[in-house]
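Residue numbers begin at 1 in each chain, while the letters A, B, ... track the order of the sequences.
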Protein chains: 2
Amino acid sequence: MSFEPLDCHIDDGLKSLLGKWKIPILIQLRAQQVLRFSDLYRALPGITKKMLTQTLKELEEDDLVNRKVYPVVPPKVEYQLSAHGQELIPTLDALHAWGIAHSAHLAHKQHRHD
Amino acid sequence: MSFEPLDCHIDDGLKSLLGKWKIPILIQLRAQQVLRFSDLYRALPGITKKMLTQTLKELEEDDLVNRKVYPVVPPKVEYQLSAHGQELIPTLDALHAWGIAHSAHLAHKQHRHD
DNA sequence: CGGAATCCCTAGGGATACTG
DNA sequence: CAGTATCCCTAGGGATTCCG
């Protein structure tokens with residue numbers, strides 16, 4: 001692994017993770033394998049359908065997520081990590097574990113300053 | 001490691017990484033150990049001094065980065081990952097490696113569609 | 001159920017100039 | 001060198017309504 005000071009490829013790739021809901025959605029899909037639109041909608045308190053639709057579309061365009069439509073009525077659409085998206089799993093796990101630990105760390109700091 | 005559908009702690013901690021420049025700055029600090037303000041300024045093409053100042057301040061408040069001021073003239077200020085910030089290193093490495101691979105993946109896809 | 005279409009708003013961030 | 005201080009703007013999102 002190389003670390004040059006001006007390694008701008010980082011930012012290029014990382015753009016696919018930018019946005020308020022990208023990582024939370026990916027973490028849900030990593031945890032649950034396959035989720036329907038409404039599953040994700042419920043799993044992400046605060047998201048709107050518009051943002052969910054839009055973010056899923058972007059993730060699909062970046063080849064991180066696969067979308068599967070069942071031609072039934074009422075509609076049924078499933079989302080899951082694509083093959084390429086699964087390469088993100090170690091990263092998502094690291095993010096997930098650190099997020100929890102860091103959240104606790106901040107809470108502890110906060111507590112000390114009450 | 002637990003994965004509950006509504007694990008909102010993720011988002012809490014992850015907030016500290018939100019923003020256009022947080023992760024790029026952290027990756028620079030992970031790679032170089034210690035950097036001065038102007039080092040970071042040069043290492044991050046496109047950032048403004050305002051954003052650099054502001055983002056470093058937020059990272060410091062989240063206890064991810066330490067700031068060391070030398071009382072000399074001209075001013076000298078050094079930044080490095082804090083002890084707690086170093087817990088992010090595995091995550092940053094994962095992000096860094098994936099960012100490069102993903103960037104290549106997208107470029108390849110793009111190429112095929114020319 | 002899984003969206004699409006509108007309208008709307010503000011805060012995140014850019015550009016520039018100045019300072020101890 | 002390492003920031004402040006201002007002004008400014010738009011695009012990323014929020015809320016709501018409608019649709020097959």
Asker: Locate the shortest heavy-atom distance separating Pro75(A) from Arg36(A); write the atom from each residue and the value.
Answerer: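 For Pro75(A) versus Arg36(A), the nearest heavy atoms are O-NH2, 3.3 Å.
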Asker: Can you tell me how far CH2 of Trp98(A) sits from CG of Leu92(B), rounded to the nearest 0.5 angstrom?
Answerer: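 Interatomic distance, Leu92(B) CG to Trp98(A) CH2, rounded to 0.5 Å: 8.5 Å.
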Asker: Report the distance from atom CD of Gln54(A) to atom P of dA15(D), rounded to the nearest whole Å.
Answerer: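 Between P of dA15(D) and CD of Gln54(A): 15 Å.
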Asker: Measuring to OP1 and OP2 of dC1(C), would you say a side-chain N or O of Ser38(A) lies under 4.0 angstrom away?
Answerer: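 No, because none of the side-chain N or O atoms of Ser38(A) sits under 4.0 Å from OP1 or OP2 of dC1(C).
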Asker: Give the nucleotide from the list dG3(D), dT4(D), dG13(C) with an atom nearest to the side chain of Arg67(B).
Answerer: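 The answer is dG3(D).
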Asker: Considering residues at least two apart in sequence or located in another chain, which fulfil the side chain to side chain contact (heavy atoms under 4.5 Å, CB included) criterion with Ile89(B)?
Answerer: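 Ile89(B) satisfies side chain to side chain contact (heavy atoms under 4.5 Å, CB included) with Arg30(B), Leu81(B), Gln86(B), Asp93(B) once adjacent residues are dropped.
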Asker: Check nucleotides 16-20 of chain C against the protein and report each pair of N or O atoms closer than 3.5 Å, with its distance, or say if there are none.
Answerer:
none

Asker: Which residue pairs pass the ring pair (Phe, Tyr, Trp, His ring centres under 6.0 Å) test with at least one member in residues 37-70 of chain B, sequence neighbours excluded?
Answerer: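 Qualifying pairs: none.
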Asker: Excluding sequence neighbours, so at least two apart, what forms ring pair (Phe, Tyr, Trp, His ring centres under 6.0 Å) with His105(B)?
Answerer: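 Listed in chain order: His84(A).
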Asker: Measure CG/Leu40(B) against C1'/dA2(D) and give the value in whole Å, please.
Answerer: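 Taking atom C1' of dA2(D) as the reference, CG of Leu40(B) is at 12 Å.
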Asker: Just N and O in the side chain of Tyr79(B): are any of them under 4.0 Å from OP1 or OP2 of dG3(D)?
Answerer: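 Affirmative; the distance criterion is met.
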Asker: Do you know which two heavy atoms are closest between Gln28(B) and Ala43(B), and how far apart they sit?
Answerer: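 Answer, listing the atom of Gln28(B) first, then Ala43(B): OE1-CB, 3.7 Å.
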Asker: With each end axis built from five pairs of C1' atoms, what bend angle do you get for the helix from dC1(C)-dG20(D) to dG20(C)-dC1(D)? Round to 10°.
Answerer: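 Here the local axes at opposite ends form an angle of 60°.
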Asker: Lys20(A) side chain: which of dG14(D), dT4(D), dG2(C) is closest?
Answerer: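 Ranking dG14(D), dT4(D), dG2(C) by closest atom to the Lys20(A) side chain puts dG14(D) first.
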Asker: Rounding to a whole Å, what distance do you find between Leu52(B):CG and dG13(C):P?
Answerer: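 Atom-to-atom, Leu52(B) to dG13(C), this comes out as 13 Å.
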Asker: Tabulate below the donor-acceptor pairs under 3.5 Å that side-chain atoms of residues 51-61 of chain A make, not counting sequence neighbours, or state none.
Answerer:
unit_1	atom_1	unit_2	atom_2	d
Thr53(A)	OG1	Lys49(A)	O	2.8
Thr55(A)	OG1	Met51(A)	O	2.6
Glu58(A)	OE1	Lys22(A)	NZ	3.2

Asker: OP1 or OP2 of dC1(D) versus the side-chain N and O atoms of Arg36(B): is any pair under 4.0 Å?
Answerer: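 The answer is no; no side-chain N or O of Arg36(B) sits under 4.0 Å from OP1 or OP2.
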Asker: Given atom CD1 of Ile47(A) and atom P of dA15(D), what is their separation to the nearest angstrom?
Answerer: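 Ile47(A) atom CD1 is separated from dA15(D) atom P by 12 Å.
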Asker: Any chance you could measure Asp62(A), atom CG, to Leu17(A), atom CG, to the nearest 0.5 Å?
Answerer: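 Going from CG on Asp62(A) over to CG on Leu17(A), the span is 8.5 Å.
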Asker: Over how many whole Å does the gap from Lys22(B) atom NZ to dG12(C) atom C1' extend?
Answerer: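 For the pair Lys22(B) NZ and dG12(C) C1', the rounded distance is 12 Å.
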Asker: Hey, could you give me the CG/CD distance between Asn66(A) and Gln80(A), rounded to the nearest 0.5 Å?
Answerer: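 It comes to 6.0 Å.
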